[in-house]
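All values derive from a computational prediction rather than experimental measurement.
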Amino acid sequence: MTAEELARVEAEIVDCRACPRLVEWREEVARVKVARFADQTYWGRPVPGFGDPAACVMVLGLAPAAHGGNRTGRVFTGDRSGDFLFASLHRTGFANRPTSVSADDGLRLTGAFIAAVNRCAPPANRPTPQERDTCLPFLEREIAALADLRVIVALGSFAWDGALRALAALGHPARPKPRFGHGMEAAVGPFAMLGCFHPSQQNTFTGKLTAPMLDDVFSRSRDLAAHPAARPGGPSDGAGSRSPA
């Protein structure tokens with residue numbers, strides 16, 4: 001049922017108009033465009049997750065970029081953050097190619113599924129708490145549909161918090177709430193959470209996040225998925241956390 005449920009969630013996501021502010025913004029961006037993409041037709045709709053239905057690792061971001069996912073229809077596709085992200089996923093064996101430029105470019109993920117807490121591009125990259133909470137049931141359903149999921153890599157504190165909220169709604173509250181940090185690990189129910197700085201240009205251009213740092217996160221995610229005993233708190237369902245070394 002995994003692929004079928006993911007397809008149902010995707011269909012509901014792309015038709016969603018629940019948040020008037022986000023609908024207005026995403027459609028205005030798609031209509032006005034920017035000069036470098038003036039000849040392209042923007043997606044201008046909510047962006048679903050994508051990847052391997054048998055994924056053991058979920059990569060979770062904040063929201064689609066206004067001229068990235070909101071243009072191409074695939075999260076982290078067609079922007080600089082995605083360039084950095086997919087190069088690392090390719091190096092660590094999760095992606096068949098190091099770039100992602102369009103939804104039909106032949107990119108395939110193996111063992112990984114990529115999603116975002118919010119599915120519409122928000123003004124200034126800042127969804128409101130209400131917009132976050134309105135969108136979270138989509139993430140909850142994707143997590144539930146991914147039967148082999150073991151690890152969630154949260155790209156930034158917003159994604160970390162969103163993942164914790166989604167897992168709590170699925171019956172896995174984390175107490176005490178683990179704090180976000182790059183390389184932070186936490187066991188939440190049957191899942192391991194792994195924190196990572198977001199691959200934004202602000203972080204990558206300043207060296208706050210480097211390619212080796214991101215590669216280490218994805219390599220660690222593979223280890224955690226393959227070896228439950230390596231999780232913080234061991235193989236049980238109890239919550240625990242481990243600070244970066």
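Relative orientation of the Phe180 and Trp160 rings is perpendicular, given thresholds of 30° and 60° on the angle between their planes. By the 30° and 60° cut-offs, the orientation of the rings of His198 relative to Phe76 is tilted.
Of the possible donor and acceptor atoms, one in the side chain of His182 sits under 3.5 Å from a partner among the backbone N and O of Phe197. A donor-acceptor pair under 3.5 Å is formed between the side chain of Arg222 and the backbone N or O of Thr92. A donor-acceptor distance shorter than 3.5 angstrom exists from the side chain of Arg71 to the backbone of Gly78, with no hydrogens or angles considered.
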**Item:** Worked check of side-chain hydrogen bond (donor to acceptor under 3.5 Å, both in side chains) between Ser100 and Thr77
**Value:** CA-CA 5 Å; Ser100 179; Thr77 295; 2.7 Å; yes
**Message:** Between Arg97 and Thr99, is the side-chain hydrogen bond (donor to acceptor under 3.5 Å, both in side chains) condition met? List the steps.
**Reply:** CA-CA 6 Å; Arg97 51 180 294 163; Thr99 59; 3.1 Å; yes
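Side-chain contact annotation: Asp215 with Ser88, donor-acceptor N/O pair under 3.5 Å present.
Applying the salt bridge (charged side-chain N to carboxylate O under 4.0 Å, His left out) rule to pairs touching residues 101-129 yields Arg74-Asp105, Arg119-Glu142, sequence neighbours excluded. Counting only residues at least two apart or on different chains, no side chain to side chain donor-acceptor pair (under 3.5 Å) pair has a member in residues 48-60.
Sparse packing is recorded around CD of Gln202, with 12 or fewer heavy atoms of other residues, nucleotides or ligands lying under 6.0 Å away.
Scanning all heavy atoms of the two residues, the minimum distance from Thr2 to Leu146 falls at CG2-CA, 4.2 Å.
Only one option out of Glu27, Glu12, Glu24 pairs with Arg17 in a salt bridge (Lys or Arg N to Asp or Glu O under 4.0 Å); it is Glu27.
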